[in-house]
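Quick notes on the structure that follows.
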Amino acid sequence: MKNYLLIIRPLNCLFIGFAVLVGGWLNTEVESYPVLLIAMLVAMLIGAGGYVINDFFDIRIDSINKPHRLLPRGVFKPEFAFMYALFLFMFGISISIFTINFWAIFIAVLNSILLYHYAKSLKNTILWGNLVISYITGSALLYGAVITNNILNILPLIIFTILYTFVREIIKDAEDEKADRIIGVKTYATAFGQKQAVYISLIPALLLAISLYIYYIEKLISKSLFEIVILVYLIPLIFIYLYLLIKINPERLHRSSVFIKIHMLILLITYIIVI
């Protein structure tokens, strides 16, 4: 039983459920908590399926880079992992029907398909795989929002999450550039180099700063939230890029990637508290 849980990354799944709750609950009145709880379960099941199917398609790579994982160690047969992933996807889609919400069912089906194809082939493409993961991350917030009709309130946070995840994905690929090149994985970093990958990651970072200003002008966020997010987001990000551009190497890229992951969580908590 323990291994069934370990392979689905339970802490990550719990975070997915929390993101759905935030998307459905933040800055609005929730009339039906049972439906929102169903949505949380759906998102967690489909996210779990994504982790398992990713491990299935990555077994050859993980046997070299991450031999401690369950499939390379032979804890599960690959065929079983494949069926387990499909079961999680189908179970999640089936439960989504009980939300009685067309968009909730549609997103459940769409995300299952995207996660499958990401693991199978899209991750081995330049930027497309990064875009899929960025959307999937933001879609947890979107999923909660469609349940409670809270999209307008949560839209700034959804876009923020998508763009900042995109930044981290590119930097993470830059960190893994040498290993990915050896095993033949195609990423922006393997195609154009680490330095160019860091440069291209500046585009979504700048778009994020611009979008925050637009949210403020359109009164989608308050002045106090705008000022706090700029302070908490923009200044640390400037230091991240200064730190990277002084000297780009795997160690600095790894530290920056970890920092961005923690930074995203801090910003999410800040957004929830201030709003």
Side-chain angles (χ1 to χ4, degrees), residues 9 11-12 15 18-19 61 65-66 68 123-138 140-141 156-183 185-216 221 224-274:
R9 319 293 201 278
L11 289 178
N12 289 1
F15 186 77
F18 174 70
I61 296 172
N65 290 340
K66 300 172 183 176
H68 61 278
K123 68 160 50 179
N124 194 27
T125 59
I126 296 174
L127 295 183
W128 286 109
N130 304 127
L131 285 169
V132 168
I133 290 301
S134 301
Y135 155 74
I136 291 291
T137 304
L141 294 161
L157 189 54
I158 293 171
I159 295 174
F160 178 89
T161 302
I162 291 172
L163 287 172
Y164 208 9
T165 301
F166 193 39
V167 172
R168 181 177 181 269
E169 281 289 305
I170 297 173
I171 289 177
K172 193 171 182 299
D173 281 348
E175 174 195 347
D176 297 336
E177 183 262 339
K178 288 185 179 179
D180 286 344
R181 191 183 296 277
I182 291 170
I183 58 183
V185 175
K186 293 179 182 177
T187 66
Y188 193 91
T190 59
F192 301 103
Q194 290 179 331
K195 184 178 289 187
Q196 290 300 320
V198 172
Y199 289 155
I200 202 71
S201 73
L202 279 166
I203 295 176
L206 290 172
L207 285 174
L208 187 44
I210 293 168
S211 66
L212 285 171
Y213 180 71
I214 293 172
Y215 301 151
Y216 170 62
I221 59 175
S224 60
L225 179 59
F226 173 71
E227 291 172 348
I228 291 170
V229 170
I230 286 293
L231 181 67
V232 175
Y233 164 72
L234 202 56
I235 294 176
L237 194 67
I238 289 170
F239 278 105
I240 289 172
Y241 276 103
L242 287 174
Y243 174 72
L244 279 176
L245 293 173
I246 289 171
K247 184 179 181 181
I248 297 175
N249 60 38
E251 184 180 1
R252 287 182 174 236
L253 288 164
H254 174 70
R255 288 175 180 170
S256 300
S257 176
V258 171
F259 177 84
I260 289 173
K261 192 173 185 177
I262 297 170
H263 193 208
M264 285 180 66
L265 181 59
I266 293 170
L267 287 164
L268 175 61
I269 293 170
T270 302
Y271 193 97
I272 292 170
I273 293 172
V274 176

Drop me the distance from [X]'s [atom1] to [Y]'s [atom2], to the nearest 0.5 angstrom.
X	Y	atom1	atom2	answer
Ile136	Leu131	CD1	CG	12.0 Å
Ile200	Ile171	CD1	CD1	12.5 Å
Ile158	Leu163	CD1	CG	12.0 Å
Asn249	Arg255	CG	CZ	8.5 Å
Phe239	Phe259	CZ	CZ	10.5 Å
Ser256	Lys172	OG	NZ	13.5 Å

Check: Stepwise, does the side chain to side chain contact (heavy atoms under 4.5 Å, CB included) test hold for Ile162 with Thr137?
Finding: CA-CA 7 Å; Ile162 291 172; Thr137 304; over 6 Å; no
Can you confirm whether [X] sits close enough to [Y] that some side-chain heavy atom of one is under 4.5 Å from a side-chain heavy atom of the other?
X	Y	result
Leu253	Leu244	yes
Ile133	Phe166	no
Ser211	Leu208	yes
Tyr199	Phe192	no
Met264	Thr161	yes
Leu157	Leu268	yes
Phe15	Leu265	yes

So does [X] have more than 12 non-hydrogen atoms from other groups sitting under 6.0 Å from [atom1]?
X	atom1	value
His254	NE2	no
Tyr135	OH	yes
Lys123	NZ	yes

What is the minimum heavy-atom distance between [X] and [Y], and which atoms define it?
X	Y	value
Tyr213	Phe226	CA-CE1, 3.7 Å
Ala174	Gln194	O-NE2, 2.9 Å
Ile170	Ala197	CG2-O, 3.2 Å
Ile248	Lys195	CD1-CA, 3.6 Å

Margin query: Quick check on side chain to side chain contact (heavy atoms under 4.5 Å, CB included): which of Val167, Asp173, Thr165 does Asn130 satisfy it with?
Written below: Asp173
Item checked: Between Ser201 and Tyr241: side-chain donor-acceptor atoms closer than 3.5 Å -> yes
Could you tell me whether the side chain of [X] and the main chain of [Y] form a donor-acceptor pair under 3.5 Å?
X	Y	value
His263	Val232	yes
Arg181	Thr190	yes
Glu175	Pro250	no

Margin query: Could you go through Tyr164 and Leu237, starting from their C-alpha distance and side-chain angles, then the distance that decides it, and tell me whether this counts as side chain to side chain contact (heavy atoms under 4.5 Å, CB included)?
Written below: CA-CA 10 Å; Tyr164 208 9; Leu237 194 67; 3.4 Å; yes
Next item on the list: Test Thr187 against Leu127 for side chain to side chain contact (heavy atoms under 4.5 Å, CB included), laying out the working first.
Entry: CA-CA 7 Å; Thr187 66; Leu127 295 183; over 6 Å; no
Check: Under 6.0 Å from the six-membered ring centre of Tyr243 and within 45° of its axis: does the NZ or CZ of Arg252 meet both?
Finding: yes
